Amino acid sequence: MSKAPEESSDLDGQIAFRTRKAEEIRERGGNPYANDFRVTHAIADVPRDVANLPNEPEIATDAPHYSVAGRLLQCNEKGKVAFLFLRGDRGEMIQLFVKIDYPAAFATLKDLQLGDIVGARGPMFKTRIGKAAMRTEELRLLTKAIRPLPGKLLGGQDVKDVESRYRQRYVDLISHPEVADVFRKRARLVSETRRFFDERGYVEVETRMLLQTNGGAAARPFTTHHNALDMDLFLRIATELDLKRLIVGGIDRVYEIGRIFRNEGMDRFHNPEFTSIEFYQAYATYEDLMVLTEQLFERLATVVCGSSEVVYQGQPVSLSAPFRRVTMRDAVRAALPDAPVDDPAGLCRHVTEKLHETLHADHAGTAMDYGHALTHLFEAHVESTLIQPTFIIEYPIEVSPLSRRNDRDPRFADRFELFIVGREFANAFSELNDPVDQRARFRSQVEAKAGGADETMDHDEDFCRALEHGMPPTAGEGIGIDRLAMLLTDQPSIRDVILFPQLRPEV
RNA sequence: GAGCCGGUAGCUCAGCCGGUAGAGCAGCGGCCUUUUAAGCCGUUGGUCCUGGGUUCGACCCCCAGCCGGCUCACCA
């Protein structure tokens, strides 16, 4: 063992100590970053059922040997014998028993420090206190960890500082194997979603992320610059318009799972880049999509959580189809019996007064139309109460610029949103496919922008041209994958389901 | 953007009424041939978030700022 270095206690000292250790190993002809150790078994696959394991003295000479590797998380040295714990990639642990009777392996102990990547080979047995362990006949340092792990290894304190957990996700994953489980579930969620749509004949596509025209949703975009073209480009805020172009082109069922970027605030539910799925189906209506959505959510819950009955932050949520369907007016009526839901002028006045009361003078100053008034009441008083899956239908046309107008009641759009645990999970509608109407709606967006509105679309002439070629009657839907992952993995923050969430710069 | 809470050793935290900083864990040295978050002996380690101010004296009180969390607002 090397002598005590003066500065071996603070972080820099520990790093220096470990660096020196690696140098020593190299000077002895060893390799602190060896790459010649062959693993035969994942740690998870090594038998550990003590009932079938012999005591150490009774290990058969032809007992199966296992070569495993993993991160060293604990080392109890007891004189001429030592117990080490390695953790494998699924969070499973294996206990290594190293004794002086295997001198090469035993000598390796003094090269090892917590956090190192270690390989071991030997047969399994049952220790005196009845735990599975490997009689380590070969012990190898595979990777020297120069930087010590913070906090919890085995038995230490959890690292609770969420900032450093998000910032240094690699450390988070080492210290908290359950974090990896969240992302495994997320992966299953995505792959099962693909399977769901593939089975139904949808074509998965990848459309552009760099756009010359901002559109498809109401949000502020990121801008970037293309040098060769010497022009600014937008990062997409939705996949909507390109997918509808493909519907025009005759791909009748199409979907895209991909990253979207919105240059807006960050909080527990918003990250500047996030993943959505949008899917479009020709000759379908938003009513067809409600059925499809029920099937999708029920299936995803069953596959990812093992049941369509899930729990989110202590609240039981049933994702068993069918989901409740309520019109926005009925939902507002139930929550606010006094609101004159069916009296447009009265409702506008009602909401305007309410806004004055709550000091939103800036909003109150603008003319409030019926659709915005109703939507305001819904968002303020109903949305957060919708715990069990609920389709809200009959959206006001004023807040649905891309939706098809209802044939029977022109005040409303053929649209729904799905709410669960008080939050929006899906937004779907029968698509507007009248190019003349679409041009008019782009025009009003452009006017709104000129009037100071931030989150508006640009006029997309090519999209209008596409619609002029004829887009079949189509229904489309968007679902936020991150929020769905939060629901199905029971995580309170979107940052818990995004591996590298956006953070302020490290100071 | 507003309000509340927080920032002290590598990690988790304590630190009274203002008197120049502590524990557990980890680290380092030593002992131990079956440990189980091992134990025992010894030991290193601090820009108390930053910058001002009050004070004989500030981790503590005041002001400003930075960072984080929560709530609200904004935002499909």
Side-chain angles (χ1 to χ4, degrees), chain A residues 1-18 21 55-57 73-85 93 95-102 106 113-115 125-133 135 147-167 171 175 216-220 237-238 240 260 262-270 272 274 276 358-360 362-363 375 379-380 383-384 395 399-402 415 417 419 423-427 453-455 478-480 483 492-493 495 503-507:
Chain A
M1 250 332 161
S2 46
K3 44 243 157 270
E6 336 46 61
E7 81 287 43
S8 67
S9 40
D10 67 317
L11 180 59
D12 289 341
Q14 288 191 46
I15 292 173
F17 184 77
R18 285 166 173 257
K21 198 116 189 166
N55 294 317
E56 200 235 334
L73 292 188
Q74 191 181 56
C75 178
N76 299 338
E77 287 189 80
K78 274 190 61 71
K80 299 188 173 62
V81 72
F83 296 87
L84 319 194
F85 287 88
M93 304 279 295
Q95 181 170 219
L96 307 181
F97 174 70
V98 187
K99 59 177 183 175
I100 202 163
D101 309 23
Y102 293 87
F106 193 78
Q113 290 159 301
L114 297 191
F125 70 100
K126 181 173 65 178
T127 66
R128 282 183 198 167
I129 60 166
K131 300 288 180 179
R135 184 181 71 193
R147 187 176 291 271
L149 290 165
K152 182 178 175 179
L153 298 169
L154 257 197
Q157 289 285 338
D158 253 339
V159 176
K160 287 188 176 164
D161 175 24
V162 287
E163 185 193 356
S164 69
R165 293 182 60 181
Y166 296 142
R167 213 181 278 288
V171 170
S175 302
R220 270 183 292 169
I237 60 170
E240 171 138 359
I260 284 177
R262 296 189 179 177
N263 203 342
E264 291 170 349
M266 295 152 52
D267 62 28
R268 204 148 58 89
F269 306 109
H270 299 82
F274 61 99
S276 80
T358 48
L359 296 175
H360 293 112
D362 48 336
H363 281 72
T375 307
E379 289 176 352
E383 187 171 325
S384 65
Y395 267 69
V399 297
S400 309
L402 294 164
R415 174 184 178 191
E417 288 193 352
F419 292 89
R423 293 205 295 278
E424 178 197 336
F425 275 77
N427 179 21
D454 260 346
E455 286 130 9
I479 297 171
R483 289 188 184 177
S493 169
R495 290 176 169 183
L503 298 171
R504 282 174 210 281
E506 202 166 356
V507 276

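A quick note: this is a predicted structure, and the numbers were derived from the prediction, not measured. All chains are named by letter (A, B, ...) in the order of the sequence lines, taking the proteins before the strands, and each is independently numbered beginning at 1.
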Assign B/U35 to syn or anti; the rule is syn for a glycosidic angle within 90° of 0 and anti otherwise.
anti
Using purine N1 to pyrimidine N3 plus N6-O4 or O6-N4 for Watson-Crick, or N1-O2 and O6-N3 for G-U wobble, each under 3.5 Å, what pairs with B/G42?
B/C28
Say you pick atom C1' in B/G65 and the same atom in B/A38; how far apart are they, in whole Å?
48 Å
When rounded to the nearest Å, what value does the distance between C1' atoms of B/A21 and B/G57 take?
16 Å
What protein N or O atoms touch nucleotides 69-72 of chain B N or O atoms at under 3.5 angstrom, if any, and at what distances?
from, atom 1, to, atom 2, distance (Å)
B/G69, OP1, A/Arg495, NH1, 2.4
B/U71, OP1, A/Arg268, NH2, 3.0
B/U71, OP2, A/Arg268, NE, 3.2

Expressed in whole Å, how much space separates the P atoms belonging to B/U55 and B/C5?
27 Å
Distance check: side-chain N/O of A/Lys80 vs OP1/OP2 of B/U33, anything under 4.0 Å?
yes
Does B/C28 have OP1 or OP2 sitting under 4.0 Å from an N or O in the side chain of A/Gln113?
yes
Expressed as a whole number of Å, how far does the P atom of B/G6 sit from that of B/C28?
35 Å
Pairwise P distance, B/G22 and B/G29 [rounded to whole Å]
25 Å
Which of parallel (below 30°), tilted (30 to 60°) and perpendicular (above 60°) describes A/Phe125 and A/Phe97?
perpendicular
Determine whether any donor atom in the side chain of A/Gln95 lies under 3.5 Å from an acceptor atom in the base of B/U35, or the reverse, and answer yes or no.
yes
I want to verify a distance call: between B/A73, B/C28, B/C32, whose nearest atom is closest to the A/Glu77 side chain?
B/C32
Would you mind pulling out the nucleotide paired to B/C13, Watson-Crick or G-U wobble, both distances under 3.5 Å?
B/G22
